[in-house]
Every structure is written in C-alpha cells, then in structure tokens.
A.B. asks: 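Below is a structure I'd like to ask you about.
Only heavy atoms go into these numbers, but all of them, side chains included; no hydrogens, no water, no symmetry mates.
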Amino acid sequence: FKNTPQGDLMLHFDFPENWKASDQRAGMIFFFGGGWKAGTVEQFLPQAEYFATRGLVTIRADYRVLSKHGTTPDIAVEDAKSAMRWLRSHAADYGIDPAKIIGSGGSAGGHLAASTLLVDGFDAKTDDLTISSKPNALVLFNPALNLSKNDKPREIVDADGHDLRVTLSPTTYLKKRTVPTIIFFGSADGLKAHGDEFLKLATDFGGRCEEWVAEGQSHGFFNQQPWTSATVIEADRFLTSLGYLTGVPTIVGVPKAVLKAQVSNEK
C-alpha cells in the first residue's frame with residue numbers, strides 16, 4: 001500500500017468463506033504493538049482469522065518501526081493513516097463497504113488506530129487527503145492514548161528530537177463526539193488510566209465508549225488464552241450491536257468465570 005525509503009509496506013488480507021469482490025462487508029484493520037520500536041503483523045493473526053470466519057474482511061497492516069526501519073513514532077502514525085486511506089480508496093476491490101471500516105490494534109498499535117481517527121496532521125506527502133483516514137468504529141487493546149503521561153520524552157520524539165507527547169496523543173484531540181469505541185485493559189496495566197480518561201471524555205461528548213477490564217491482568221494480557229478468546233467474544237458482541245456482524249460469537253470453551261469476572265463500563 002505504500003513505497004517508503006525504507007522499503008515497501010504491505011497489507012495482509014483474510015477473507016470470509018463465500019467472499020466476493022462485489023460484497024459490501026465491514027472491514028477490520030489491525031495494527032500490531034511494540035512501542036513503535038518493534039512488532040510483527042502476525043500478532044493479530046488469531047483475531048483476524050476469527051473475524052473473517054464471522055464475515056468481516058480483515059486486514060493486518062505493516063508500518064515502519066525503530067528496530068527495522070530506524071523511524072520514530074510520528075512516522076508510524078503517518079503510515080497508519082496511509083494504510084487507512086489506501087484501504088478506503090480500494091474498498092470496492094475487496095468487497096468492503098468504505099463506510100464500515102473498523103480500526104483496531106494493541107498498545108502502540110491501538111494508539112495508531114485511535115490516531116487515524118483523532119490526531120491532526122502527520123500525513124504523508126503522497127497521500128490523497130481528500131480520502132478520509134478515519135475509521136467508523138474502534139476496537140482497542142490496551143492502547144496508549146495520552147502520551148503526555150509518559151515521563152520519558154526521549155521515547156516520543158521525531159527525527160529532529162522534538163517532543164511529540166502532546167501532538168501525537170489521541171486524547172489531546174478528543175473534543176467532540178467520537179466513533180463507537182470499545183477498549184480492553186487489564187486492571188494491573190499502568191496504561192489503564194489512559195482508557196479511564198478516554199472513556200470519560202468520549203462519553204461526556206455524547207459518544208458511545210465502553211471499557212472492558214480484566215481484573216488482575218497486566219499489559220498485553222489479550223495475547224494469551226483465555227484472554228484472547230474472551231476479548232474477541234466481547235469485541236464480537238460489540239460489533240454485532242453496531243450491525244457489522246450478525247448472530248452470536250462462535251468461540252466456545254472460555255470459562256464462564258473468566259467472562260463474568262470482568263468489569264464492563266459503558267456510558
């Protein structure tokens with residue numbers, strides 16, 4: 001989807017059974033985590049494969065990171081916006097309704113998904129800015145949302161060393177109604193305060209936002225079972241409530257105690 005000085009960036013698709021290019025399905029794009037420094041598109045393969053079985057076209061997006069490309073977080077945001085614009089402009093080729101694109105990701109990837117909706121600027125010079133980078137819904141796994149809370153400014157700078165903690169924070173721009181959003185956090189995750197703040201602000205402005213909290217779990221909990229399945233089930237229910245899916249989640253075998261032990265905050 002993008003040619004860069006550090007190499008080509010790719011999108012990886014999973015299609016539902018009986019998919020046709022003429023379909024008008026919802027699409028779900030995932031951005032991997034890794035602190036804008038590392039990571040792989042394989043992270044969200046289980047979620048992508050599952051939601052494809054439920055009828056979505058799913059996409060896992062690559063983007064530039066420090067360890068592989070020598071780039072800074074602002075470049076990752078630029079790439080995420082490019083991916084969203086490319087997907088929306090080519091939706092008709094992949095059986096996707098361009099008005100039903102779900103942004104998703106974990107940790108830094110969750111930050112990128114939220115940034116495609118909220119963060120101003122940081123657009124690639126080669127992007128067609130008449131095409132929106134904004135998703136129509138968000139499914140975020142322990143995302144970094146307010147980078148100003150990071151007490152290590154050297155970690156969130158551009159190539160010239162400028163501090164980007166405020167201008168790269170989705171929460172900074174949360175001044176009006178946002179799209180329907182569900183956020184997953186572990187109660188022992190230091191970033192959970194980001195979700196609490198986002199939930200309050202989003203709902204104060206009249207948006208639909210839910211925060212699903214796994215008691216006693218730390219950052220990245222959703223990468224391990226039974227939490228991978230538990231969070232997918234809850235995301236499935238959320239997307240069904242928006243009309244992006246029909247029916248009930250098809251995952252089985254998750255202990256009822258795991259599902260019941262969680263706290264879901266919706267305002």
Side-chain angles (χ1 to χ4, degrees), residues 1-16 19 21 23 25-49 51-52 56-98 101-117 119-136 138-141 143-144 155-160 164 168 170 223:
F1 71 91
K2 188 176 185 180
N3 306 114
T4 79
Q6 295 83 15
D8 294 344
L9 299 176
M10 309 295 290
L11 298 178
H12 303 260
F13 284 77
D14 283 283
F15 295 97
W19 168 89
D23 291 344
R25 299 173 183 265
M28 189 171 188
I29 184 168
F30 295 92
F31 299 96
F32 60 82
W36 312 280
K37 299 176 182 178
T40 169
V41 293
E42 299 302 308
Q43 178 185 17
F44 279 100
L45 181 59
Q47 291 88 345
E49 290 182 337
F51 281 113
L56 301 183
V57 176
T58 60
I59 308 98
R60 290 168 290 123
D62 204 1
Y63 61 90
R64 286 173 285 179
V65 295
L66 178 64
S67 62
K68 186 176 180 180
H69 305 100
T71 51
T72 46
D74 54 311
I75 299 300
V77 170
E78 176 194 302
D79 290 342
K81 288 190 171 189
S82 295
M84 289 293 295
R85 290 190 172 105
W86 190 98
L87 181 62
R88 180 163 275 118
S89 65
H90 291 81
D93 299 327
Y94 292 92
I96 297 172
D97 182 343
I101 296 179
I102 305 148
S104 186
S107 194
H111 165 264
L112 296 184
S115 294
T116 63
L117 174 71
V119 171
D120 290 341
F122 302 99
D123 299 298
K125 294 179 180 179
T126 54
D127 278 7
D128 181 352
L129 301 188
T130 66
I131 301 170
S132 175
S133 70
K134 300 180 186 298
N136 305 99
L138 289 172
V139 176
L140 307 177
F141 300 86
E155 293 185 355
I156 306 172
V157 297
D158 62 18
D160 297 320
L164 301 176
L168 273 190
N223 289 308

A.B. asks: For a quick test of reading the model, state the closest non-hydrogen atom pair linking I131 to S89 and the distance between them.
C.D. replies: CD1-CB, 3.5 Å

A.B. asks: Are more than 12 heavy atoms, taken from residues, nucleotides or ligands other than K134, located less than 6.0 Å from that residue's NZ atom?
C.D. replies: yes

A.B. asks: To the nearest 0.5 Å, how far apart are CD1 in I101 and CD1 in I96?
C.D. replies: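 Here the interatomic distance stands at 6.0 Å.
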
A.B. asks: Does D62 reach the side chain of F32, with side-chain heavy atoms less than 4.5 Å apart?
C.D. replies: yes

A.B. asks: Going through the distances and angles, do T72 and L66 end up as a side chain to side chain contact (heavy atoms under 4.5 Å, CB included)?
C.D. replies: CA-CA 6 Å; T72 46; L66 178 64; 5.8 Å; no

A.B. asks: Hey, what do you get for CG (D128) to OG (S133), rounding to the nearest 0.5 Å?
C.D. replies: 12.0 Å

A.B. asks: Taking the side chain as every heavy atom from C-beta outward, state whether P5 and R64 have any atom pair closer than 4.5 Å.
C.D. replies: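 Of all side-chain heavy-atom pairs linking R64 with P5, at least one is under 4.5 Å.
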
A.B. asks: Quick one: pull up OG in S107 and CG in L112 and give me the separation to the nearest 0.5 Å.
C.D. replies: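 CG of L112 is found 9.5 Å from OG of S107.
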
A.B. asks: I'd like to know whether R25 forms a side chain to side chain contact (heavy atoms under 4.5 Å, CB included) with W19, so could you lay out the CA-CA distance, the side-chain angles of the two residues, the decisive distance to 0.1 Å, and finally the verdict.
C.D. replies: CA-CA 9 Å; R25 299 173 183 265; W19 168 89; 4.0 Å; yes

A.B. asks: Report yes if the distance between the aromatic ring centroids of Y94 and F13 is under 6.0 Å, otherwise no.
C.D. replies: yes

A.B. asks: Might you point out which heavy atoms bring L168 and V77 nearest each other, and give the distance in Å?
C.D. replies: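 Here L168 and V77 meet closest at CD2-CG2, 3.7 Å.
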
A.B. asks: So do the side chains of F122 and I75 get within less than 4.5 Å of each other, counting heavy atoms only?
C.D. replies: no

A.B. asks: For a quick test of reading the model, state the closest non-hydrogen atom pair linking Y63 to D79 and the distance between them.
C.D. replies: CB-CB, 3.7 Å

A.B. asks: Testing the basics here: between G110 and L140, what is the closest heavy-atom pair and its distance to 0.1 Å?
C.D. replies: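 Heavy atoms only, the tightest pair is O-CD2, 3.7 Å.
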
A.B. asks: Keeping D158 on the side-chain end and D160 on the backbone end, is there a donor-acceptor pair under 3.5 Å?
C.D. replies: yes

A.B. asks: Would you call K2-E78 a salt bridge at under 4.0 Å N-O?
C.D. replies: yes

A.B. asks: Less than 4.5 Å apart, side chain to side chain, heavy atoms only: is that true for I102 and V139?
C.D. replies: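 I102 reaches V139 side chain to side chain.
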
A.B. asks: What is the distance from atom CZ of F30 to atom CD of Q43, rounded to the nearest 0.5 Å?
C.D. replies: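 Atom-to-atom, F30:CZ and Q43:CD are 10.5 Å apart.
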
A.B. asks: Checking K68 side chain against K37 main chain: does a donor-acceptor pair fall under 3.5 Å?
C.D. replies: no

A.B. asks: How long is the span from the CG atom in L164 to the CD1 atom in I156, to the nearest 0.5 Å?
C.D. replies: 8.0 Å

A.B. asks: Quick check: do H12 and E42 have side-chain heavy atoms less than 4.5 Å from each other?
C.D. replies: no

A.B. asks: Would you please indicate yes or no on a ring centroid separation below 6.0 angstrom for F141 and F44?
C.D. replies: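 Ring centroids of F44 and F141 are less than 6.0 Å from each other.
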
A.B. asks: Step by step, would you call R85 with D123 a side chain to side chain contact (heavy atoms under 4.5 Å, CB included)?
C.D. replies: CA-CA 10 Å; R85 290 190 172 105; D123 299 298; 3.1 Å; yes

A.B. asks: How many angstroms lie between atom NE2 of H69 and atom CG of L9, to the nearest 0.5 angstrom?
C.D. replies: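 Going from NE2 on H69 over to CG on L9, the span is 6.0 Å.
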
A.B. asks: Are any of the side-chain heavy atoms of H111 and W36 separated by less than 4.5 Å?
C.D. replies: yes

A.B. asks: Using the side chain to side chain contact (heavy atoms under 4.5 Å, CB included) rule, take F15 and V57 through it: C-alpha gap first, then chi angles, then the decisive distance, then the call.
C.D. replies: CA-CA 5 Å; F15 295 97; V57 176; 3.9 Å; yes

A.B. asks: Do T116 and P135 have side chains that approach each other closer than 4.5 Å (heavy atoms only, starting at C-beta)?
C.D. replies: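 Counting from C-beta outward, T116 and P135 do come under 4.5 Å.
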
A.B. asks: Between T71 and T4, is there a side-chain heavy-atom distance shorter than 4.5 Å?
C.D. replies: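 They are not in contact (no side-chain heavy atoms under 4.5 Å apart), so the answer is no.
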
A.B. asks: Tell me the closest heavy-atom pair linking A52 and T58, and the distance in Å.
C.D. replies: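 Heavy atoms only, the tightest pair is N-CG2, 3.9 Å.
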
A.B. asks: Looking at every non-hydrogen atom in both residues, tell me the closest pair between G34 and A108 and how far apart they are.
C.D. replies: N-CB, 4.2 Å

